[in-house]
Amino acid sequence: MKYTELAMLLKNAAEQGTANAIKEEQPVPDRLTKADAYRLYGRSNVDRWLREGLISKQPTDTSQIFFDRSELEAVAASSNRITYLPVADR
């Protein structure tokens, strides 16, 4: 067996193993419940982001409140420092 053939076999095996592992794992949901958002980002942060209009609730048919995961991640990643300053310093 040539070196290139062995390399291709190992590459294909690694790709197939990765694909199987991803398929077996539960995918990351696009929406988070309010409880999950509180757990991940902190209750005070989520409530403040809602008050300031930085995030919005997703419409649902149930009484449960959902948030868009990408929206939460974007707000959490930004510094959002202006809201930490006293009103006189803004």
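No hydrogens, no waters, no symmetry mates; every other heavy atom, side chains included, goes into these values. Quick caveat, the model's predicted, so the values are computed rather than measured.
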Taking atom [atom1] of [X] and atom [atom2] of [Y], what is their separation to the nearest 0.5 Å?
| X | Y | atom1 | atom2 | answer |
| --- | --- | --- | --- | --- |
| Arg48 | Arg43 | CZ | CZ | 15.0 Å |
| Thr33 | Gln58 | OG1 | CD | 12.5 Å |
| Asp30 | Ser70 | CG | OG | 7.5 Å |
| Ile65 | Asp36 | CD1 | CG | 13.0 Å |

Checklist entry - Are Phe66 and Trp49 joined in one hydrophobic group, where the rule is that I, L, V, M, F, W and Y side chains link up if heavy atoms are under 4.5 Å apart? => result no
Within-4.5 Å side-chain heavy-atom neighbours: [X] and [Y]:
| X | Y | value |
| --- | --- | --- |
| Leu54 | Glu71 | no |
| Arg31 | Asp68 | no |
| Glu73 | Tyr41 | yes |

Next on the checklist: Counting neighbours of CD on Gln16 that are heavy atoms of other residues, nucleotides or ligands and sit closer than 6.0 Å, is the number greater than 12?
Outcome noted: no
Next on the checklist: Please determine whether side-chain contact (heavy atoms from CB on, under 4.5 Å) holds for the pair Thr60 and Gln64, giving the CA-CA distance in whole Å, both sets of side-chain angles, and the decisive distance to 0.1 Å.
Outcome noted: CA-CA 7 Å; Thr60 61; Gln64 198 170 19; 5.5 Å; no
Checklist entry - Between Val46 and Phe67, does a side-chain contact (heavy atoms from CB on, under 4.5 Å) hold up when you go through it step by step? => result CA-CA 10 Å; Val46 172; Phe67 298 107; 4.2 Å; yes
Item to check | Between Tyr38 and Asn45, a side-chain donor and acceptor under 3.5 Å | outcome: no
